[in-house]
Structure formats: structure tokens, C-alpha cells
Number of protein chains: 2
Amino acid sequence: MTESLHKYINSFIQLSKEEIEVIEEISVCKKIKKNELIAENGKVCRKVLFAGEGYFRFFHIDSRGNEITSDFYFAPSFITSYTSFITGVPSFVNVQAMHDMDVLEFSKEDLYDLYDKYPKFERVGRLIAEKVAINSEEHLFLLLNQTAQTRYQRLLEQNPQYVNTIPLQYIASYLGITQETLSRMRKSIK
Amino acid sequence: MTESLHKYINSFIQLSKEEIEVIEEISVCKKIKKNELIAENGKVCRKVLFAGEGYFRFFHIDSRGNEITSDFYFAPSFITSYTSFITGVPSFVNVQAMHDMDVLEFSKEDLYDLYDKYPKFERVGRLIAEKVAINSEEHLFLLLNQTAQTRYQRLLEQNPQYVNTIPLQYIASYLGITQETLSRMRKSIK
DNA sequence: ATGATTTTTTGACATTTGTCAAGAGTTATC
DNA sequence: GATAACTCTTGACAAATGTCAAAAAATCAT
């Protein structure tokens, strides 16, 4: 598991032996159950997880009581309710694990300590924030510019290993359409 | 102008005299004309601007030749084609000034130098990246969860000083609807 | 395996939104 | 201040998507 984390961090910055040890020290292994919420609407999220495999779903309940899936995060990645973690405001999204899985957990305090003590980790923090920003920007761009059908096909192409296991209703709200429309769309693609 | 920049940076981190001087040294004052593109589709964006007043529009041309406004950025703020600036990939959005205005320009090289030399600026970089991420996340959330009408009213409330001067067509595509639909919506609100 | 639960598909119909075209209003320019 | 260029509104109609209800298919738990 820590193996997977190093590989991930190494994909954007080189860490020394010491730095690897330091981050290992503050990480806590956890087992997460399918459907478990790692961040919850109304609660402040004070931790970040690192997942080496599997994926997470971001969702909330809209004014009419429907669950709306706003995002999927595919491993390897850090996962948190980003806005809540950063600002300390209660999360408006729920973040849900879609599988049983092993993760590494980091507390906000430990992470901010790291930022203070090691400029290198401050940089890691910046790079990850930039990654999140770029990801959201792309998601936004796709939502505004591509039809639901194009976005669905893109999701299929980019995450073939997962997409066919995601319940249709989740994908539909992620695409901003109803389940029925997605079902019909799918049929017409074949 | 630099005055306004310090005030802005100070709103999230305290800078020393030296640090203020350093950032002044690498900033270049520029005059920007209304409608000027500060980042352009297909071109790599290697600079960040700081604007003390006014606002910018992010847009691109969709597959059918229509201009789609994907975002507005209101001063005070740093402005760039974020994804292109960070990744070095050609920008997919155009970023357009909506007024004549004065801005400060920073080159990528100078900024990255600053990151290397001063951990404090590395942190500023992180905080700004986080701000961008949070902003996109919120925009995404609104797009997926609120009706066009709610989003329009929200835009009105949050930026009353600008919204009534933004051409309707820009706002409409930002909301993901047509100009005609927005016009009818507006009528029904009154 | 079998019944229960969940997920997906389908149909009929209502509603929303888009499209196209024309006209009214506004703003800029000479 | 008249003309042109742009922006906004309106109407009639078409197309896309949503809603509700029910059936079919897939999955889960005992």
C-alpha cells in the first residue's frame, strides 16, 4: 500500500529516503467497506485518504430528494472532500467508497506539519492541488461543451475497467441526465 | 496596482517586506484592451496576470461553431488558462478581458524561480491552486445541482456590480442554456 | 437454487428547451 | 443625430429529455 503511494508521488516529484520515511510515519492503514462514507454532508472533513485501487463516488441529495453523483475519483489518487478539508467548512458532498479496500489515512494536522517542516511536501501539496484544479476544470469543460452521449463514451474509454460496474443511475446523474435517458442512449449506441 | 496585489495576497498569507519587494521585481505592469485575449485556444499560456478590478470571460468554440462561455473570473484575482499554464499543453479555452484595464503580468519562469527560492511563495502557489480547485468544484456542483434559474439568480446576487453589464449570450452559455431561454426566464422572474 | 431486492429497460405521454426567423431595443460611430 | 452594428425579446414549431408506471433482467442473501 505504501508502495503504491510512493509510486504515485514519484510520478510527479522525486522523494528522498528520509522524506519517504516521514510520510510513512504519519500515514495510517485502514480498511474501508463498500459504501462507507469517507466524508459526509454537513460534517467537516479533516482527513485525506490515499487509495491505490478502486474508485470513489461523490454525491449529494438535491432539493427534491434525489441522489446526484457529481464526480468519480479513480485510484491511484488522494481522496477527500476537498473544499471542506481546505476551508474547514462542513462538506456539502458525500464521498463514498465503491469497494472494500485498503487505504492510507492522513490527518490534516499531520499533513500541515509536513508542509511547515518540508518545503518539498509543500510542493507536493501544490502539485496535488493543481491536479485537482485541472481535473475540475476539465470536468466543467466537458459538462459545458460535450453532449451527454460524448461524455459517456469518453468515460467508457478512459475507465473501461470500472465503468461497466458502476450502477447506471450513478453515471446518469454524473452526466446530468436521467437513468432512462442514459439507458436509451446506450441502446442507440450499440 | 501593486497595492491591490499585496492586499490580495495578504488576505491569505502574511508577506515580509523582502517578499513584497521580490514579487514586485518580477511583475510587469501592462495595459489590456477590452476584448483582448490573454490566453488563446491552441496556444500554450506561459503567463499569469493579476487583475485588481474588472472581470474576464473564459470561452471556446464548440463543434457547431458557437461560442460557449465556460467561466467568469472577477477581480481581484490571478488569471490564466490554468491547465495550459500548469501542464504546458496548448490551451483549449480563450480568456478574454471584458474591459480596458491595468494588470500585473508574471512569467512562468519567474514564478517558478520564486517557488524554488522562497518556500513562502511555494505556499502562496499552493493556496492559489487550492482556491482555483475550490472554485471549480463549486461551479461544478452548482451546474449539476441547481437549475439554470437558481444559478442565474445566484450569479446576480454575488456579482451585482458586473452581471447587468455582461451580454446575455455570454451568461446564457455559462448557464448551459440558450440566449432565448434565458431571456424568457428573466421575464418570468420579474 | 430460489425468492427477494436491486438495477435496467421500455412505453406513453408531458414538459422543457432548442431552433429559426423576425422584430424591437440599444449602443457605437461617423 | 442618423446609420449601422450589435443585443435582446418574442412567436411558432420541432426536438430532446423528463416523468411515471410497469415489466424484464441481473444480483444478492439465505
Side-chain angles (χ1 to χ4, degrees), chain A residues 33-37 54-55 57 59 61-70 72 94 96-100 142-153 155-156 160-190, chain B residues 33-37 54-55 57 59 61-70 72 94 96-100 142-153 155-156 162-190:
Chain A
K33 284 274 170 211
K34 180 172 178 179
N35 293 336
E36 190 172 328
L37 297 181
Y55 69 98
R57 178 171 81 101
F59 74 95
I61 312 295
D62 74 7
S63 52
R64 289 191 295 176
N66 299 316
E67 260 191 20
I68 309 286
T69 297
S70 54
F72 295 107
N94 301 285
Q96 184 182 45
M98 300 300 280
H99 307 281
D100 291 358
L142 289 173
L143 257 186
L144 283 168
N145 307 307
Q146 307 298 146
T147 62
Q149 179 157 336
T150 307
R151 283 180 284 130
Y152 176 64
Q153 288 177 315
L155 191 65
L156 271 180
Q161 74 277 34
Y162 294 120
V163 175
N164 288 312
T165 75
I166 304 177
L168 202 68
Q169 43 175 323
Y170 295 166
I171 298 182
S173 65
Y174 173 76
L175 297 174
I177 58 180
T178 61
Q179 192 180 168
E180 292 91 336
T181 300
L182 178 55
S183 176
R184 289 176 181 120
M185 227 175 62
R186 236 185 190 177
K187 191 181 175 187
S188 80
I189 289 174
K190 281 182 208 156
Chain B
K33 283 274 170 212
K34 179 172 179 179
N35 293 335
E36 192 172 328
L37 297 181
Y55 68 99
R57 177 171 79 102
F59 74 95
I61 312 295
D62 75 6
S63 52
R64 289 191 295 177
N66 299 316
E67 258 190 23
I68 309 284
T69 297
S70 54
F72 295 108
N94 301 285
Q96 184 181 45
M98 300 299 280
H99 306 279
D100 291 356
L142 290 172
L143 256 186
L144 282 168
N145 306 309
Q146 307 298 146
T147 62
Q149 181 158 331
T150 307
R151 283 180 283 130
Y152 176 64
Q153 288 176 316
L155 190 66
L156 271 179
Y162 294 122
V163 175
N164 288 312
T165 74
I166 303 176
L168 201 68
Q169 43 175 324
Y170 296 165
I171 297 183
S173 66
Y174 172 77
L175 297 174
I177 58 180
T178 60
Q179 191 181 170
E180 291 91 336
T181 299
L182 178 55
S183 176
R184 288 175 182 123
M185 228 174 64
R186 239 187 188 176
K187 192 182 177 186
S188 81
I189 289 173
K190 277 181 213 157

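From a predicted model like this one, the values you see are computed outputs, not experimental measurements. Letters go in sequence order (proteins before strands), and every chain restarts at 1.
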For this session: Let me know the distance between CG of L175(B) and P of dT17(C), rounded to the nearest Å.
Result: 12 Å

For this session: Would you please name every residue forming a side-chain hydrogen bond (donor to acceptor under 3.5 Å, both in side chains) with Y170(B), sequence neighbours left out?
Result: none

For this session: Side-chain contact test, heavy atoms from C-beta onward, threshold under 4.5 Å: evaluate it for I177(B) versus M185(B) and give yes or no.
Result: yes

Seminar exercise, completed: In short, the helix from dA1(C)-dT30(D) to dC30(C)-dG1(D) is bent end to end, axes from five pairs each side, to 10°, by 60°

For this session: Any chance you could list the contact pattern along nucleotides 13-22 of chain D? Use B for base contacts, S for sugar-phosphate-only contacts and - for none, protein heavy atoms under 4.0 Å, 5' to 3'.
Result: ----SSBB--

Problem set entry | Sequence-distant partners of R57(B), side-chain hydrogen bond (donor to acceptor under 3.5 Å, both in side chains), two or more places apart | E67(B), T69(B), Q96(B)

For this session: Identify, with sequence neighbours excluded, every residue that meets side-chain hydrogen bond (donor to acceptor under 3.5 Å, both in side chains) alongside T178(B).
Result: T181(B)

Exercise. Q179(B) CD to dT7(D) P: how many Å, rounded?
Worked result: 9 Å

For this session: Mind checking side-chain contact (heavy atoms from CB on, under 4.5 Å) for T150(A) and listing every partner two or more places apart, or none if nothing turns up?
Result: Q146(A), T147(A)

For this session: Apply side-chain hydrogen bond (donor to acceptor under 3.5 Å, both in side chains) to S70(A) and list each qualifying residue two or more places apart in sequence or on a separate chain.
Result: none

Problem set entry | Side-chain heavy atoms of I166(A) within contact of Y174(A), under 4.5 Å | no

Seminar exercise, completed: Residues Y152(B) and I171(B): closest non-hydrogen pair is CD1-CG2, 3.9 Å

Problem set entry | Closest non-hydrogen atom pair between L155(A) and V163(A), with its separation | O-CG2, 3.3 Å

Exercise. K187(B) side chain N/O closer than 4.0 Å to the phosphate oxygens (OP1, OP2) of dT10(D)?
Worked result: yes

Seminar exercise, completed: Residues of residues 162-174 of chain B with a heavy atom under 4.0 Å from any atom of DNA chain D, listed by number, are P167(B), L168(B), Q169(B)

Can you give me the N/O atom pairs linking the protein to nucleotides 27-30 of chain C at distances under 3.5 Å, or say none if there are none?
none

For this session: Not counting sequence neighbours, which residues clear side-chain contact (heavy atoms from CB on, under 4.5 Å) with L168(A)? List them please.
Result: Q179(A), L182(A), S183(A), R186(A)

Problem set entry | Counterpart residues, ring-ring contact (aromatic ring centres under 6.0 Å, His included), relative to Y55(B) (two or more places apart) | F74(B), H99(B), Y162(B)

For this session: Would you kindly give the CE-to-C1' distance between M185(A) and dT8(C), to the nearest whole Å?
Result: 14 Å

Exercise. Between R186(A) and dT9(C), does any side-chain N or O lie under 4.0 Å from OP1 or OP2?
Worked result: yes

Exercise. For the atom pair CZ (R151(A)) and CD (Q153(A)), what is the distance rounded to the nearest 0.5 Å?
Worked result: 12.0 Å

